[in-house]
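Order of the sequence lines sets the chain letters (A, B, ...), proteins ahead of strands, with each chain counted from 1. When reading the values below, keep in mind they use all heavy atoms of this one structure, side chains included, and skip hydrogens, waters and symmetry mates.
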2 protein chains.
Amino acid sequence: MRMNQGVEWAVHVLLALAWLDDGEPVSTARFAASYELPQAYLNKQLQALVRAGLLESVPGARGGFRLARPPEKITLMDVVMAIEGPEPAFQCTEIRRRGMGADAPESQFRVACAVNTSMQRAELAWRKSLASQTIADVRTEAELHAPAVAGMTRRAYGRD
Amino acid sequence: MRMNQGVEWAVHVLLALAWLDDGEPVSTARFAASYELPQAYLNKQLQALVRAGLLESVPGARGGFRLARPPEKITLMDVVMAIEGPEPAFQCTEIRRRGMGADAPESQFRVACAVNTSMQRAELAWRKSLASQTIADVRTEAELHAPAVAGMTRRAYGRD
DNA sequence: GTGCGAATACTCGGATACCGCGTGTCCGAGTAAGTGAGG
DNA sequence: CCTCACTTACTCGGACACGCGGTATCCGAGTATTCGCAC
């Protein structure tokens with residue numbers, strides 16, 4: 001169960017845009033160069049963020065991507081959902097009602113499978129934590145240990 | 001990011017063993033028939049539980065698997081770890097220090113990447129929830145809505 | 001009837017193929033910027 | 001000098017291959033049972 005690495009890329013891209021702050025779009029070429037990532041594949045991942053409404057894409061020369069809403073309004077849950085999709089990691093296939101358990105009375109299956117319930121409970125805790133952390137929070141936490149990172153980012157992306 | 005379906009199988013197997021309660025081993029053939037699962041592949045998954053110390057295997061005729069410790073001492077975290085492995089779902093590849101950020105002062109990278117920290121925080125919540133739920137808990141929850149399931153299981157596996 | 005030994009059937013265990021999804025790449029549509037000529 | 005149309009270059013966007021890990025299977029090692037025979 002390994003998470004799509006596009007999630008890591010996406011969060012770093014969103015962070016960079018948050019630090020740049022101005023509404024100017026940044027191209028995938030620049031992002032790819034900034035992190036040594038395959039440009040075309042990174043583009044593919046960012047498209048998912050556009051579809052999810054986290055980024056706006058600007059076509060044409062000097063185009064690129066910019067934040068669709070302020071960093072305070074973008075949670076890590078949004079990012080994970082945009083790239084990984086809405087399906088839960090644990091998917092109950094209802095094996096309890098197959099095989100020998102198939103002829104059990106229907107009333108047994110009215111309520112959800114206890115196994116599924118327990119696993120979903122854990123996933124909900126995960127989701128809650130992701131939803132409680134915004135891009136702005138991550139930015140703040142990063143600046144706590146490396147105050148110069150905002151200026152360095154602006155310089156790396158040709159601002160100032 | 002889909003979880004190995006062997007996790008679902010494993011929890012159901014452990015639950016069945018908890019309901020049977022006696023120390024008699026149950027073969028994979030019986031489990032596979034009970035849930036309509038591919039026998040050989042189920043066996044492979046249960047081997048992982050043996051390696052993790054959750055099950056004991058009994059070779060030879062009338063052999064099979066039995067619980068290595070009481071259901072109260074087996075958490076869902078144990079099961080997930082046994083099958084999925086110890087690696088976290090989100091793996092930080094430190095892209096912050098590649099490309100343009102490579103020439104940043106070393107002091108910037110002393111503390112962990114904030115992106116990684118945030119994602120691990122969420123995973124920790126997930127792990128905590130998994131670790132707080134034992135097989136015995138799941139059994140209790142299942143019996144709450146379907147009190148007959150214990151007896152049905154014993155009958156399905158030829159007990160009594 | 002009882003004890004012993006070999007044959008047997010059944011089980012786990014690891015080594016071996018198959019396949020779908022994440023990973024990576026390429027090319028076309030579209031747009032803004034740049035350029036040059038004409039007024 | 002200003003305006004405008006054309007060319008150009010750059011960007012996103014989706015369609016097309018590749019490789020790896022999860023999925024599935026098969027066969028061998030080992031053991032408890034069972035059966036038959038001798039005593």
Side-chain angles (χ1 to χ4, degrees), chain A residues 1-10 13 17 23-66 68 80 82-85 87 89-91 93 95 157-158, chain B residues 1-10 13 17 23-33 35-66 68 80 82-87 89-91 93 95 157-158:
Chain A
M1 192 190 57
R2 207 169 101 262
M3 175 172 292
N4 192 318
Q5 66 174 332
V7 171
E8 181 184 11
W9 302 357
V13 163
L17 287 174
E24 293 302 305
V26 178
S27 70
T28 54
R30 208 172 267 272
F31 282 127
S34 178
Y35 299 117
E36 287 182 8
L37 303 178
Q39 175 187 345
Y41 189 30
L42 174 61
N43 193 349
K44 183 187 179 71
Q45 305 280 19
L46 296 187
Q47 284 174 32
L49 298 187
V50 173
R51 278 191 290 271
L54 305 185
L55 288 182
E56 284 176 358
S57 67
V58 179
R62 313 241 338 185
F65 297 92
R66 74 176 132 224
V80 172
I83 295 200
E84 293 287 342
E87 302 83 20
F90 181 90
Q91 275 146 320
T93 57
I95 65 173
Y157 285 89
Chain B
M1 193 190 59
R2 206 169 101 263
M3 175 173 291
N4 193 317
Q5 66 174 330
V7 171
E8 181 184 10
W9 303 357
V13 163
L17 287 174
E24 294 301 306
V26 178
S27 70
T28 54
R30 208 173 267 271
F31 282 128
Y35 300 117
E36 289 183 7
L37 302 178
Q39 174 186 346
Y41 188 31
L42 174 62
N43 193 349
K44 182 187 178 73
Q45 305 281 19
L46 296 187
Q47 283 173 32
L49 297 187
V50 173
R51 276 191 291 271
L54 305 184
L55 287 183
E56 284 175 359
S57 67
V58 179
R62 311 241 336 184
F65 298 91
R66 73 176 134 221
V80 172
I83 295 199
E84 293 287 341
E87 302 84 19
F90 180 90
Q91 275 146 321
T93 58
I95 65 173
Y157 285 89

OP1 or OP2 of [N] less than 4.0 angstrom from a side-chain nitrogen or oxygen of [X], does that happen here?
X: B:Arg30; N: C:dC10; value: no
X: B:Gln5; N: D:dG21; value: no
X: A:Tyr41; N: C:dT23; value: yes

**Request:** Summarise how protein sits on nucleotides 6-17 of chain D as a single string, 5' to 3': B when a protein heavy atom is under 4.0 Å from the base, S for sugar-phosphate-only contact, - for no contact.
**Result:** ----BSBBB---

**Prompt:** Ignoring hydrogens and geometry, is there a side-chain-to-backbone donor-acceptor pair from B:Glu84 to B:Asn4 under 3.5 Å?
**Reply:**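 At least one qualifying donor-acceptor pair exists.
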
**Prompt:** Do B:Gln47 and B:Asn43 have side-chain heavy atoms sitting under 4.5 Å apart?
**Reply:**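 They are in contact (side-chain heavy atoms under 4.5 Å apart), so the answer is yes.
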
**Message:** I need the full list of side-chain hydrogen bond (donor to acceptor under 3.5 Å, both in side chains) pairs touching residues 49-64 of chain B, with sequence neighbours left out, sorted by first then second residue.
**Reply:** B:Glu56-B:Arg66

Specify the separation, in whole Å, of atom [atom1] of [X] and atom [atom2] of [N].
X: A:Tyr35; N: C:dG24; atom1: OH; atom2: P; result: 18 Å
X: A:Asn4; N: C:dG20; atom1: CG; atom2: P; result: 20 Å
X: B:Met3; N: D:dG21; atom1: CE; atom2: P; result: 18 Å
X: B:Glu84; N: D:dG22; atom1: CD; atom2: P; result: 7 Å
X: A:Met1; N: D:dT23; atom1: CE; atom2: C1'; result: 18 Å
X: B:Arg2; N: C:dC19; atom1: CZ; atom2: C1'; result: 12 Å
X: B:Leu42; N: D:dT23; atom1: CG; atom2: C1'; result: 13 Å

**Message:** Minimum heavy-atom separation for B:Gly63 and B:Pro25, please, with both atom names.
**Reply:** C-CB, 4.0 Å

**Nearest atoms (heavy-atom pairs only) where A:Ile83 meets A:Gln45** = CG2-OE1, 3.9 Å

**Item:** Positive for ring-ring contact (aromatic ring centres under 6.0 Å, His included) with A:Phe31, one of A:Phe65, A:Tyr157, A:Trp9
**Value:** A:Tyr157

